[in-house]
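Everything on this sheet refers to the single structure shown next.
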Amino acid sequence: MYDRLYEKDVAITGIGQSEVGRPSTLSGMRLTLDACLEAINDAGLRKEDIDGIACWPGDNNNGDSFSPVGPLALKNALGLEVNWFGGGYEGPGPLTGLINGAMAIASGLCRNVLVFRTITESSTRQHNRQASALSNKTSGRDSSFAWQWYTPFNVLSAANLIAMYAQRHFHDYGTTSEQLAQIALTCRRNAQRNPKAIYRSPMSMDDYMQSRMISTPLRMFDCDVHCDASTAIILSRRDIAKDCRNPPIRIEAIGAALNQPWSWDQISLTEGAAFDVGRMMWSRTDLKPKDVGSAQLYDGFSILTMIWLEALGFCPKGESGRFVEGGQRIALDGELPINTNGGQLSGGRTHGLGYVHEACLQLWNKAEGRQIADHQIAVTAAGGGPLGGSLLLVRD
């Protein structure tokens with residue numbers, strides 16, 4: 001089907017992450033610089049070696065808390081000379097910057113691309129309580145992003161939208177709240193081992209079941225926790241990567257397909273973009289789901305993690321509830337550890353790149369306190385609804 005799989009020419013060579021605060025006293029730019037300089041140093045590169053910048057969504061959000069820093073601002077702050085840069089909302093979800101950066105390298109435009117994602121929802125909420133995905137729609141939202149069509153039906157936030165997906169899963173497949181709870185409980189247990197995690201106190205099934213209902217059947221602990229943080233990833237051309245400080249983590253396959261309408265409500269409520277993404281990714285490799293040693297799967301809302309488990313072939317469609325039941329399979333010592341840093345439900349809403357950062361720590365055996373058995377293959381996936389992207393990562 002494909003004459004050449006260009007992502008295999010690209011590897012991850014360095015990672016960085018700022019403090020994860022709720023809130024942080026640092027500006028969005030300071031968080032970004034901390035993460036990016038750490039990533040460059042982690043790869044054993046200099047600023048002069050960076051000739052590309054990418055992020056998602058970029059400056060198009062005009063500096064709001066969802067994207068306070070874009071490629072142009074970072075280029076100026078670091079004094080970089082680049083051959084290519086990119087940002088913008090349109091793309092396969094939170095991993096768009098990594099996917100675009102990989103293609104820039106594979107096409108010969110760049111040698112080393114700095115990819116970053118910064119979010120400052122927590123500090124912004126100190127003066128604007130609507131600055132998060134759980135809040136009611138922000139001022140002016142009816143004029144954009146199709147919200148004018150949702151508002152008459154009391155769909156006022158992302159939680160209302162994703163609750164439809166969860167309710168449909170419950171209806172079609174018999175999924176239960178006790179099964180859904182295992183995503184939140186697993187993330188909380190993993191977060192207790194992560195010193196950067198926002199929530200590190202123990203959580204029981206009773207705690208989960210007694211938490212406030214946000215949008216049926218989603219409870220408070222099914223929703224990710226806003227924070228201030230920046231994460232950065234260095235992508236390098238594979239022949240350069242072998243001379244960097246860390247063993248290269250090769251991008252074995254990318255999933256980025258969308259074969260349905262770009263719509264939060266007209267798309268399949270039991271699949272979203274995730275199944276299109278999974279089919280594309282596995283078509284670009286000889287590896288199989290059974291080869292994967294860890295999975296860092298989007299948990300903006302817990303039901304999305306279950307959909308990703310199905311979409312990426314770790315269990316049949318509709319059976320993720322039974323797959324996660326009891327939590328043993330997805331625990332740190334289980335057959336498929338997930339969200340080993342606590343994910344976004346307990347670790348903090350780093351929104352996409354945090355999953356890649358954690359996957360790399362695990363593949364490099366640097367995840368102190370939560371390191372799982374040595375393995376060479378990990379998968380990351382991010383997004384919900386019509387947004388979705390995935391990366392199959394292999395440590396050389």
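The first residue in the sequence is number 1, and the count goes up from there.
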Side chains of Val324 and Arg329 in contact at under 4.5 Å (non-hydrogen atoms) | no

Salt-bridge criterion met for Glu7 and Arg250 (N-O under 4.0 Å) = no

Show the numbers, then the answer: is there a side chain to side chain donor-acceptor pair (under 3.5 Å) between Tyr150 and Asn160?
-> CA-CA 10 Å; Tyr150 302 150; Asn160 300 138; over 6 Å; no

Roughly how far apart are Ile249 CD1 and Leu235 CG, rounded to 0.5 Å?
-> 11.0 Å

Any donor-acceptor N/O pair, Arg284 side chain to Leu5 backbone, under 3.5 Å | no

Any donor-acceptor N or O pair under 3.5 Å, side chains Asn112, Ser236 | yes

Which pair of non-hydrogen atoms, one from Ala166 and one from Ile303, has the smallest distance, and what is that distance?
-> CA-CG1, 3.7 Å

Under 3.5 Å, is there a donor-acceptor pair linking the side chains of Thr270 and Arg168?
-> no

Please list all pairs passing the ring pair (Phe, Tyr, Trp, His ring centres under 6.0 Å) test where one or both residues lie in residues 375-396, with sequence neighbours left out.
-> none

Tell me yes or no: between the side chains of Ser204 and Asp206, is some donor less than 3.5 Å from an acceptor?
-> no

State which residues pass ring-ring contact (aromatic ring centres under 6.0 Å, His included) with Tyr173; sequence neighbours excluded, sorted by chain then number.
-> His169

Report yes if some heavy atom in the side chain of Trp282 is under 4.5 Å from a heavy atom in the side chain of Val277; otherwise report no.
-> no

Is Lys317 close enough and on-axis enough to Phe275, meaning under 6.0 Å and within 45°, for cation-pi?
-> yes

Looking at side-chain heavy atoms only, is the closest gap between Ile119 and Thr350 below 4.5 Å?
-> no

Would you call Asp239 and Lys242 a salt bridge, using N to O less than 4.0 angstrom?
-> no

Out of curiosity, Gln376 CD to Ser294 OG, how far, rounded to the nearest 0.5 Å?
-> 12.0 Å

Would you call Asp396-Arg238 a salt bridge at under 4.0 Å N-O?
-> yes

Tell me, please, which residues at least two apart from His357 pass ring-ring contact (aromatic ring centres under 6.0 Å, His included).
-> none

Short question: side chain of Gln260, backbone of Ser268 - any donor-acceptor pair under 3.5 Å?
-> yes

Correct closest heavy-atom pair for Leu95 and Gly352 would be CD2-O, 3.9 Å

same_hphob_cluster(Val115, Val82) at 4.5 Å side-chain heavy-atom cutoff = no

Can we say Lys196 and Glu19 salt-bridge, meaning some charged N sits less than 4.0 Å from an Asp/Glu carboxylate O?
-> no

Check ion pair Asp374-Arg395 (N to O, under 4.0 angstrom) = yes

Exercise: do Ser65 and Thr120 side chains pair donor with acceptor under 3.5 Å | no

State whether the side chain of Ser24 and the backbone N or O of Gly21 hold a donor-acceptor pair below 3.5 Å, judged by distance alone.
-> no

Which pair of non-hydrogen atoms, one from Trp56 and one from Pro94, has the smallest distance, and what is that distance?
-> CE3-CA, 3.5 Å

Just do the side chain to side chain donor-acceptor pair (under 3.5 Å) check on His226 and Arg349 with the steps written out, would you?
-> CA-CA 5 Å; His226 58 266; Arg349 177 182 157 86; over 6 Å; no

Any luck finding a side-chain donor-acceptor pair between Asn341 and Tyr355 under 3.5 Å?
-> no

Are side-chain N/O atoms of Gln362 and Gln371 paired as donor and acceptor at under 3.5 Å?
-> yes

May I ask whether Leu363 and Met281 are part of the same hydrophobic cluster, defined by side-chain heavy atoms of I, L, V, M, F, W, Y residues being less than 4.5 angstrom apart, directly or through others?
-> no

What about Tyr298 and Trp308, are their ring centers closer than 6.0 Å?
-> no

Can any side-chain N or O of Ser346 pair as donor or acceptor with the backbone N or O of Gly342 at less than 3.5 Å?
-> no

Donor-acceptor pair, side chain of Asn41 and main chain of Glu38, under 3.5 angstrom | no

Distance-only, no hydrogens or angles: does the Ser320 side chain make a donor-acceptor pair with backbone N or O of Phe323 under 3.5 Å?
-> no

Taking every non-hydrogen atom, the tightest pair across Ala184 and Phe221 | CB-O, 3.3 Å

Do the side-chain N and O atoms of Asn190 and Thr340 include a donor-acceptor pair separated by under 3.5 angstrom?
-> no

Transitive ILVMFWY side-chain link Leu98 to Val394, under 4.5 Å | no

Could you tell me whether a side-chain N or O of Glu310 sits under 3.5 Å from a main-chain N or O of Gly318, the two making a donor and an acceptor?
-> yes

Check whether any side-chain heavy atom of Arg117 sits under 4.5 Å from a side-chain heavy atom of Ser230, and report yes or no.
-> no

Taking every heavy atom of Cys227 against every heavy atom of Ile198, the minimum-distance pair comes out as CB-CD1, 4.1 Å

Using atom types as modelled and distance alone, determine if a side-chain donor or acceptor of Asp276 lies under 3.5 Å from a backbone N or O of Asn259.
-> yes

Thr285 OG1 to Ile254 CD1 distance, which is reported to the nearest 0.5 Å = 12.0 Å

Hey, does Glu358 have a side-chain heavy atom less than 4.5 Å from the side chain of Arg370?
-> yes

Once you round to the nearest 0.5 Å, how far does CG of Leu345 lie from CD1 of Ile183?
-> 8.0 Å

Kindly say whether Arg46 contributes a backbone atom to a donor-acceptor pair with the side chain of Asp49 at under 3.5 angstrom?
-> yes

Answer yes if the side chains of Thr305 and Asp299 hold a donor-acceptor pair under 3.5 Å, and no otherwise.
-> no

Flag the pair Trp264 / Tyr165 as yes when at least one side-chain heavy-atom distance between them is below 4.5 Å, and no otherwise.
-> yes

Determine whether Leu114 and Ile234 make a side-chain contact, defined as any pair of heavy atoms from C-beta on separated by less than 4.5 Å.
-> yes

Please test Ser122 against Asp228 for side chain to side chain donor-acceptor pair (under 3.5 Å), starting from the C-alpha separation and ending with a verdict.
-> CA-CA 6 Å; Ser122 185; Asp228 299 341; 4.6 Å; no

Is Leu391 linked to Leu297 within one hydrophobic cluster, defined over Ile, Leu, Val, Met, Phe, Trp and Tyr using a side-chain heavy-atom separation of less than 4.5 Å?
-> no

Would Leu185 and Leu309 show up in the same hydrophobic cluster when neighbours are defined by side-chain heavy atoms closer than 4.5 Å?
-> yes

Nearest heavy-atom pair of Gly388 and Ala273: which atoms, and what distance?
-> N-CB, 4.2 Å

Measuring from Phe116:CZ to Cys55:SG, what's the distance to the nearest 0.5 Å?
-> 4.0 Å

Looking at Ile50, Ile240, Ile105, Leu45, which hits side-chain contact (heavy atoms from CB on, under 4.5 Å) with Arg111?
-> Ile240

Counting only heavy atoms not in Asp286, do more than 12 fall under 6.0 Å of its CG?
-> no

Within-4.5 Å side-chain heavy-atom neighbours: Thr186 and Asn339 = no

Kindly compute the distance separating CE (Met103) from CG (Asp9), expressed to the nearest 0.5 Å.
-> 8.5 Å

With a 4.0 Å cut-off, would you call Lys288 and Asp291 a salt bridge?
-> no

Do the side-chain N and O atoms of Ser18 and Asp34 include a donor-acceptor pair separated by under 3.5 angstrom?
-> no

